[in-house]
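Accompanying notes for the structure given below.
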Amino acid sequence: MALDELSRQKVWQVVAAIPCGKVASYGQVAELADLPRQARAVGKMMSQLPKDSRLPWYRVINAQGRISFPFDSEGYQRQRERLESEGIEFSGERINLKHYRWDGLA
DNA sequence: TCCTTGACGGAGA
DNA sequence: ATCTCCGCCAAGG
């Protein structure tokens, strides 16, 4: 990844723009930040986010509508709690993207 | 250097 | 629904 500064800023801007109650996938964020097919780079950046970040990192999930942390991990718990507190409901381990996927613009 | 490893994703089988 | 295989690409062994 080691994306340049400009790219990183774009990614943060996109993440910050995801509205409450909506979610976006890593790939979607990458695309909206003009980094097509760089989903992994986005995931990498997320993993390096400081724990006290104010960004709504938890609104970014994978394209399958699942949280990208092991089910039994603390990260999974933290992310799921925040999403549910915003009114997002889970069907087992998954989120119904038909209802919660953020439409980048339109 | 080569190989593996990721908060990933889409196409096939 | 599950499982490979392949892009993608920097980091660390």
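Order of the sequence lines sets the chain letters (A, B, ...), proteins ahead of strands, with each chain counted from 1.
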Does a side-chain N or O of [X] approach OP1 or OP2 of [N] to a distance below 4.0 Å, or not?
{"X": "A/Gln38", "N": "C/dC9", "value": "yes"}
{"X": "A/Arg66", "N": "C/dA1", "value": "no"}
{"X": "A/Ser47", "N": "B/dG6", "value": "no"}
{"X": "A/Ser25", "N": "B/dC8", "value": "no"}

Donor-acceptor contact below 3.5 Å, side chain A/Arg59 vs main chain A/Ile18
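Yes; judged by distance alone, with no hydrogens or angles, the pair exists.
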Would A/Arg82 and A/Glu86 pass as an ion pair if we require N to O under 4.0 Å?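 No, A/Arg82 and A/Glu86 are not salt-bridged.
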Find the distance [X]:[atom1] to [N]:[atom2] and express it as a whole number of Å.
{"X": "A/Arg40", "N": "B/dT5", "atom1": "CZ", "atom2": "C1'", "value": "8 Å"}
{"X": "A/Gln28", "N": "B/dA7", "atom1": "CD", "atom2": "P", "value": "20 Å"}
{"X": "A/Met45", "N": "C/dC9", "atom1": "CE", "atom2": "C1'", "value": "14 Å"}

| request: Establish whether the base of C/dG7 is bridged to the side chain of A/Arg37 by a donor-acceptor pair shorter than 3.5 Å. | output: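 Side chain to base: no pair below 3.5 Å.
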Working for side chain to side chain contact (heavy atoms under 4.5 Å, CB included), residues A/Gln79 and A/Trp57 = CA-CA 8 Å; A/Gln79 186 164 11; A/Trp57 56 270; 3.9 Å; yes
- For the side chain of A/Phe69, starting at C-beta, report the closest nucleotide among C/dC8, B/dG10, B/dA7.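 The listed nucleotide nearest to A/Phe69's side chain is B/dA7.
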### Message
What's the closest nucleotide to the side chain of A/Ala63 if the choices are B/dG6, B/dG10, B/dA7?
### Response
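Minimum distance to the A/Ala63 side chain belongs to B/dG10.
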- Give A/Arg78 one of three labels, base, sugar-phosphate or nothing, depending on what nucleic acid heavy atoms sit under 4.0 Å from its own.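 Nothing, no nucleic acid heavy atom in range.
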Next on the checklist: Measuring only the P atom in each nucleotide, how far is C/dC6 from B/dA7? A whole number of Å is fine.
Outcome noted: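 Going atom to atom, P in each nucleotide, I get 22 Å.
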*Inter-nucleotide P distance (C/dC8, B/dT1), Å rounded*: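 C/dC8 and B/dT1 have their P atoms separated by 22 Å.
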ask   = Which is it for A/Lys10 and A/Ser7 under the side chain to side chain contact (heavy atoms under 4.5 Å, CB included) test, yes or no, and what are the steps along the way?
value = CA-CA 5 Å; A/Lys10 282 186 181 176; A/Ser7 295; 5.6 Å; no
